[in-house]
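Every number for a ligand or one of its atoms is a count from 1 in the order of the listing. The analysis underlying the following values was restricted to heavy atoms, covering all of them including side chains, and did not include hydrogens, waters or symmetry mates.
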Amino acid sequence: MDLTDFIRGMPKSENHVHLEGTLEAEMKFALAKRNGMDLPFADVAAMKASYVYHDLPSFLAIYYDGMKVLQKEPDFYDLTYAYLAKAASQNVIYTEMFFDPQEHLKRGVAMADVIGGITRARHDAEQALGIRSQLILCFVRDLSAESAMEALDAALPFKADLVGVGLDSDEAGNPPEKFREHFAKARAHGLKVTAHCDVDQIDTLQNLRTVLTDLSLDRIDHGGNIVQSPELVAIAKERGIYFTVCPTFSGTLRRTEEVPVDIVRAMLDAGLNVTISSDDPAYMGSEYMDDVLIRAVERSALTREDLITIARNGFESAWLPEADKAAMVARLDAYVNAA
Ligand code: HPA
Ligand code: ZN
């Protein structure tokens, strides 16, 4: 079996995907129509042609503008169900999805509608398609700490529908310690904590150190610059930290020569626990899990063994009971042995 077929058939977990980043242009038009909104694009092709960015802020501007069509509970349902159906069609059997509620609260959408629509879709997709999923509330780090706390407080009545909190958006001037109290409160409510450490950000190594040591988070999203610091690599290995790496995006953001061109290869070679995800596929050429992995085979010189390690890491890093993770790893092992 060639590696492309091997990837397509492999049971997978995706642990770094922003639901609003799966909002395809076609659905944007459909939701805008349903909500009586006008979009400043003639058609899908023109909208997609506008998805041009060269760094994190220029990406985020497009991403936040696009999500304004999400207004009502059924919009969040449709968005989530469409992603889960796509993921399930690529043998993603488990996924942990981010969402950015502050952006929706700003527009007057109720937290109950955001989490309610997503949760209803999660349950329906699990019933109909067999894909299991969980939800991670992301703090939008360039908004105020107060705004993030308001979002957390508004979400806590729905904490049974959440597995953790995360930190995304523009890292410049918004270090992880800005959210120290939020993380502590989330943990006190039984939630896990992760944070984006996007590639090549200002103070990137300092922020990695903070999340690894001071805040002692449970996972790191992206985090590729760690290979610049043998000391931080050693700490991450000692702590058994998993990294959710999104090669499509980190390739876009890389702007210094200090990080090797191929972050996935460098992290694997450093002995780090790497998982691979699609991040914001609707804005990244509609490349979902299989597309990202297939591209990574070439870009990162991945072997069959690397792919199996990455898939196993995806399950082992999941925020699930040990027995459930073991059952998913067993499915992977059975596939590998039969392939
Ligand atoms: N990094 C930071 N913020 C984001 C991302 C990301 O990968 N995707 C959506 N918001
Ligand atoms: Zn991300």
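For atom 2 (C) of ligand 1, the closest heavy atom belonging to the protein is Asp198 OD2, 3.0 Å.
Contacts with ligand 1 closer than 4.0 Å are made by no heavy atom of Phe98, backbone or side chain.
Taking the six-membered ring for Trp and the full ring otherwise, the centers of His18 and Phe99 sit at least 6.0 Å from each other. In summary, the aromatic rings of Phe76 and His104 are positioned with their centroids under 6.0 Å apart. Two rings, from Phe98 and His16, have their centers less than 6.0 Å apart.
Close approach of ligand 1 to Leu56 (heavy-atom distance below 4.0 Å) involves ligand atoms 1 (N), 2 (C). When each atom of ligand 1 is checked for a heavy atom of His196 under 4.0 Å away, the hits are 1 (N), 2 (C), 5 (C), 6 (C), 7 (O). Within ligand 1, counting atoms from 1 as listed, the ones closer than 4.0 Å to a heavy atom of Leu60 are 3 (N), 4 (C), 10 (N). In the vicinity of Asp280, heavy-atom distances shorter than 4.0 Å reach the ligand 1 atoms 5 (C), 8 (N), 9 (C).
Within Asp279, the N, O or S atom at minimum distance from the Zn ion (ligand 2) carries the name OD1.
Using modelled atom types, one finds no donor on one side chain facing an acceptor on the other under 3.5 Å when comparing Tyr335 with Asn91.
Rounded to 10°, the angle formed at the Zn ion (ligand 2) by NE2 of His16 and NE2 of His196 is 90°.
With respect to the salt-bridge test (charged N to carboxylate O, under 4.0 angstrom), the residues Arg180 and Glu177 do not qualify.
Between Tyr64 and ligand 1, no pair of N/O atoms sits closer than 3.5 Å. For ligand 1, one of its N or O atoms has an N or O atom of His18 under 3.5 Å away.
Relative to the ring axis of Phe6, Arg304 places its NZ or CZ within 45° and under 6.0 Å from the centre.
As a member of the Ile/Leu/Val/Met/Phe/Trp/Tyr network built from side-chain separations under 4.5 Å, Val52 groups with nothing else and remains a singleton.
The structure places CD of Gln102 at 9.0 Å from OG of Ser169, a figure rounded to the nearest 0.5 Å.
For the ligand labelled ligand 1, residue Glu171 lies outside the 4.0 Å heavy-atom shell. Using a 4.0 Å cutoff on heavy atoms, Ser169 counts as a contact of ligand 1.
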